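Quick notes on the structure that follows.
Predicted, not measured: the structure shown is a model, and the values here were computed from it. Order of listing sets the numbers, starting from 1, for every ligand and every atom in it.
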Amino acid sequence: MPKILVTGGAGYIGSHTVYHLLRAGYDAVVVDDLSRGYRRNVEAARLREFDLRDTERLTRLCREEQFDAVVHFAAFIAVGESMQKPEMYFGNNVGGTLSLLEAMEAAGVRRLVFSSTAAVYGFPERIPIPEDHPYAPVSPYGESKLMVEKILGWLDRSSGVRSIALRYFNACGAEPGSGLGEEHDPETHLIPLLFRAMQTGQPVTIFGDDYDTPDGTCIRDYIHVSDLASAHILALDALIGGGKSDAMNVGTGAGHSVLEVLRAVERVTGSKVPCATGPRRQGDSSALVADSGKLRRTLGWAPRYLSLDEIVATAWEFEKNRGGKQ
Ligand code: UFG
C-alpha cells in the first residue's frame, strides 16, 4: 500500500483528496498547521499539526514514514489577500515548499504532485487555455505558484525529483456523504457566497457586468472537487509507475458565467438569490477555461461531474448539513 504525505490535507481540496486516496487503497499522513484548514476534516490519527517550514520536524517525519510520494496542497490561496500581504504569500507558499523539498531530499522521497493554479496564466490570450500558454501571473498568489513550478523544473533536472503540477481552474462542490465541503474564512468564493446571500437576504455583489462575454459577467471553468481529487490519484499512479515530470490543467473545458452560476443555485435550492452589480474586482480575467486535453490523453482522466446543476447540488447538500456553521 503506497504511503503518501499530504500537506494541507485539512483544507478543502486536500481533505477531499485524502478521502479518495484512502478509498483507492493508499495510506496517507497529513501535515497541516490548521491556519486555514479544519481539524474536523482529518482523522486525528493521521494529522501532524505543524508548519511546513519546520524542516527538522518534517525531515524526521519523512525519514520515519518512508513516504512513496507527496501531494503538496499547503498554501495560502486568496488572490486579494496576496496583493495586500505579498511577503506572507511568498514566505508560506514558496518558503514552505522549499522546506518540504529539503526534507524530501534528506529522506530520499522523490515524487511530488503539486497543487498549482490557472492563476499562472494571468489574463489569457486565448480560450481554452493550453499548458504552453505564456505565463503572466497578475497576483503574488499566482506568482508564488509559478515560482514553485519553476523550482520543480530545476529539481527534475538536477536532483531527479519527479513532479506533476496540476493547474486547477475553479474548484467547487463536495463529495456527497463525506462531510467535507468548501469553507474558507473569510469566504471569497462564488458558490458559498451565493448560498450565504440566499440564506441571509444580504445581496451578493456581482463583480462587473460589462465584460466582453455574452451576459457581461465573468466566465470560469467550475470543476468538481472530487474530479480534482481523481486527477491527483492518477498523477500519483503515474509518478509511482516511473512517469516523468509535467504540468497539466484540470478543468471541464466548459465555461459558465457568474449569472449562470447564480441561476443554477436558484434552480437547485428553489430560492431567489438577492444580488447587486458592483464594480469589477481587480485582477479578474473575463474568461478562464481549461484545455485539459493533456490530462485526459496522458493520464486517462475524465471528469464525472459535467452538469453545473449537479455540481451545485453537491455543494448545497454540504451547506445544508453544515447549518450555517462558520
Ligand atoms: N464573483 C463575484 N462576486 C463574488 C465573488 C466572486 O461576482 O462575491 C465572481 C468573480 O468575479 C469571478 C467568479 O465569481 O468571476 C469566481 O470567483 P471566485 O472568487 O470564486 O474564484 P476566482 O476565479 O477568482 O479564483 C479561483 C481560485 C483561485 C485561483 C483561480 C484560478 O479561488 O485560487 O480560481 O482561476 F487562482
**T188 contact mode with ligand 1 (heavy-atom cut-off under 4.0 Å)** = backbone
**Message:** Give me the residue, atom name and distance of the protein heavy atom closest to atom 1 (N) of ligand 1.
**Reply:** F207 CD1, 3.6 Å
**Message:** For atom 17 (O) of ligand 1, what's the nearest protein heavy-atom neighbour? Residue, atom name and distance, please.
**Reply:** R281 NH2, 3.4 Å
**Ionic contact status for E64 with R48, cut-off 4.0 Å** = no
**Prompt:** With a 4.0 Å cut-off, would you call D284 and R220 a salt bridge?
**Reply:** yes
**Item:** R196 with E187: basic N within carboxylate O range, under 4.0 Å
**Value:** no
**Asked** Which protein heavy atom lies closest to atom 21 (O) of ligand 1, and at what distance to 0.1 Å?
**Response** N170 ND2, 3.1 Å
**Prompt:** Nearest protein heavy-atom contact for atom 29 (C) of ligand 1: which residue, which atom, what distance?
**Reply:** T117 OG1, 3.5 Å
**Asked** Using heavy atoms and a threshold below 4.0 Å, how should the contact between Y121 and ligand 1 be classified: side chain, backbone, both, or neither?
**Response** neither
**Prompt:** What is the nearest protein non-hydrogen atom to atom 35 (O) of ligand 1, stated with its residue, atom name and distance?
**Reply:** L288 CD1, 3.3 Å
**Message:** Heavy-atom pairs closer than 4.0 Å: do any link ligand 1 to the side chain of T205, the backbone, both, or neither?
**Reply:** backbone
**Prompt:** For atom 11 (O) of ligand 1, what's the nearest protein heavy atom and its distance?
**Reply:** D284 OD2, 2.6 Å
**Item:** 4.0 Å heavy-atom contact, Y211 with ligand 1
**Value:** no
**Request:** Considering only non-hydrogen protein atoms, determine which one is nearest to atom 20 (O) of ligand 1 and report residue, atom name and distance to 0.1 Å.
**Result:** L190 N, 2.9 Å
**Prompt:** Okay, side chain of W301, backbone of D227: is any donor-acceptor separation there less than 3.5 Å?
**Reply:** yes
